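Below you'll find the structure, written out as structure tokens, and then a few comments.
Quantities reported herein were computed from a predicted structural model and do not represent experimental measurements. So that the names make sense, note that chain A is the first sequence line, chain B the second, and so on, each numbered from 1. Side-chain atoms are counted along with the backbone in the values below, which use heavy atoms only and exclude waters and symmetry mates.
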Amino acid sequence: MRFGVVIFPGSNCEQDVIHAAHILGHEADFVWHGDTDLSGFDAIVLPGGFSYGDYIRCGAVARFSPVMAEVVRFAERGGPVIGICNGFQILTEAHLLPGALLRNRGLKFICRQATLRVEESACQWMDAAPGTLLRIPINHNEGNYICDPDTLARMEASGQIVLRYCESDGSRAEDGSAPNGALDDIAGICNERGNVFGLMPHPERVVDPAVGITDGAVVFTSIARRLAEVG
Amino acid sequence: MARFQIFVTYKKGIFDPPGATAERALVSLGYDEVSSVKIGKFIQLEVADGTPQERVAEMCGKLLANPVIEDFRIEPVEEA
């Protein structure tokens with residue numbers, strides 16, 4: 001399959017995504033933020049970074065890039081879209097995913113390994129069994145997920161919570177396990193249809209066996225399997 | 001030219017990490033009377049004469065504030 005990786009001014013994880021896709025035997029190419037043609041791509045990736053300097057709010061300006069109107073159309077047609085870190089922030093600003101990402105509770109930029117628990121969800125980008133633990137790094141300043149209680153209940157009911165932060169043994173700390181203070185330990189969510197996925201952790205960084213952990217590969221292999229099934 | 005001042009603050013119930021940190025810092029500096037600090041954004045906008053406030057509100061809803069988490073208040077600035 002062929003991934004399209006969108007580059008905004010200030011994106012900085014696009015090479016990692018391309019590398020991860022190649023390692024897994026897929027094609028991947030860059031899409032410039034001014035482009036409006038996504039034909040030829042099977043899935044779209046909004047990578048991490050600091051699009052437009054994170055000015056106003058993270059993702060607030062990138063949302064209005066010419067390419068985003070096309071990404072919205074692609075998603076509405078059922079095309080798979082993933083937003084990683086800053087990409088997740090852009091997806092919430094574009095209202096492709098509910099809620100918002102606030103500054104980390106402790107005010108510090110956090111860069112470290114996180115343990116994530118796979119939840120039962122409708123996400124097309126995650127076919128690992130519920131309860132599976134994944135070690136994937138986080139690297140952000142605004143990863144403190146928030147939404148209103150009604151939205152949380154609705155997401156819970158329709159299987160939109162895909163990944164939660166947890167302790168290394170899969171348990172939940174008494175005061176929560178999200179290093180950034182995220183509501184209900186939420187690390188990744190999808191839309192109701194399951195084709196749009198946003199997460200703060202960086203799966204693309206743990207795909208190449210050279211780095212020692214390959215827990216991020218499942219994100220890319222899940223969508224590839226899904227697309228192969230539906231043809 | 002017309003001027004507007006825009007105040008962007010978190011909605012009620014949204015945790016404000018910088019505000020909470022400033023609150024704790026003030027209390028630890030001995031300002032025991034402090035019970036709440038909220039930190040938001042202040043925006044000064046200059047627009048063409050006659051621009052209606054509704055249009056400024058549209059700018060706020062679209063870009064300057066995120067209605068999911070933030071409220072905004074617009075005040076026209078009277079020229080002296």
Discussion item. Counting only heavy atoms not in A:Glu120 (residues, nucleotides, ligands), do more than 12 fall under 6.0 Å from its CD?
Written reply: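 Open.
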Answer yes or no: is there an ion pair linking [X] with [Y], defined by an N-O contact shorter than 4.0 Å?
{"X": "A:Glu156", "Y": "A:Arg154", "result": "no"}
{"X": "A:Arg164", "Y": "A:Glu119", "result": "yes"}
{"X": "B:Asp16", "Y": "B:Lys38", "result": "no"}
{"X": "A:Arg57", "Y": "B:Glu70", "result": "yes"}

Worksheet entry | Any residue of residues 70-81 of chain A which, by heavy atoms, sits under 4.5 Å from chain B |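 From residues 70-81 of chain A, none sit under 4.5 Å of chain B.
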Worksheet item: Residues of residues 99-112 of chain A under 4.5 Å from chain B (heavy atom pairs)?
Response: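 Answer by number: A:Gly99, A:Ala100, A:Leu102, A:Arg103, A:Asn104, A:Arg105, A:Leu107.
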Worksheet item: So A:Phe3 and A:Trp125, would you call those rings parallel, tilted or perpendicular, with 30° and 60° as cut-offs?
Response: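 It falls in the tilted class, 30° to 60°.
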Worksheet entry | Aromatic ring pairing A:His33/A:Tyr52, orientation class (parallel under 30°, perpendicular over 60°, tilted between) |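 Aromatic pair A:His33/A:Tyr52 classed perpendicular.
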Discussion item. Quick check on the 6.0 Å ring-centre criterion: do B:Phe7 and B:Phe72 meet it?
Written reply: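 No, too far apart.
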Discussion item. Using 0.5 Å steps for rounding, measure from the CD atom of B:Glu23 to the CD1 atom of B:Ile39.
Written reply: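 CD1 of B:Ile39 is found 10.0 Å from CD of B:Glu23.
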Fill in: Option in B:Ile14, B:Ile69, B:Asn66, B:Val68 with maximal non-hydrogen atom pairs under 4.5 Å from chain A
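Heavy-atom pair counts peak at B:Asn66.
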Discussion item. Can you confirm whether the side chains of A:Tyr165 and A:Asn180 place a donor and an acceptor under 3.5 Å from each other?
Written reply: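 Indeed, the side chains of A:Tyr165 and A:Asn180 share at least one donor-acceptor pair under 3.5 Å.
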Discussion item. Using heavy-atom distances under 4.5 Å, tell me whether B:Lys41 contacts chain A through its side chain, its backbone, both, or neither.
Written reply: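 For B:Lys41, the contact with chain A is made by the side chain alone.
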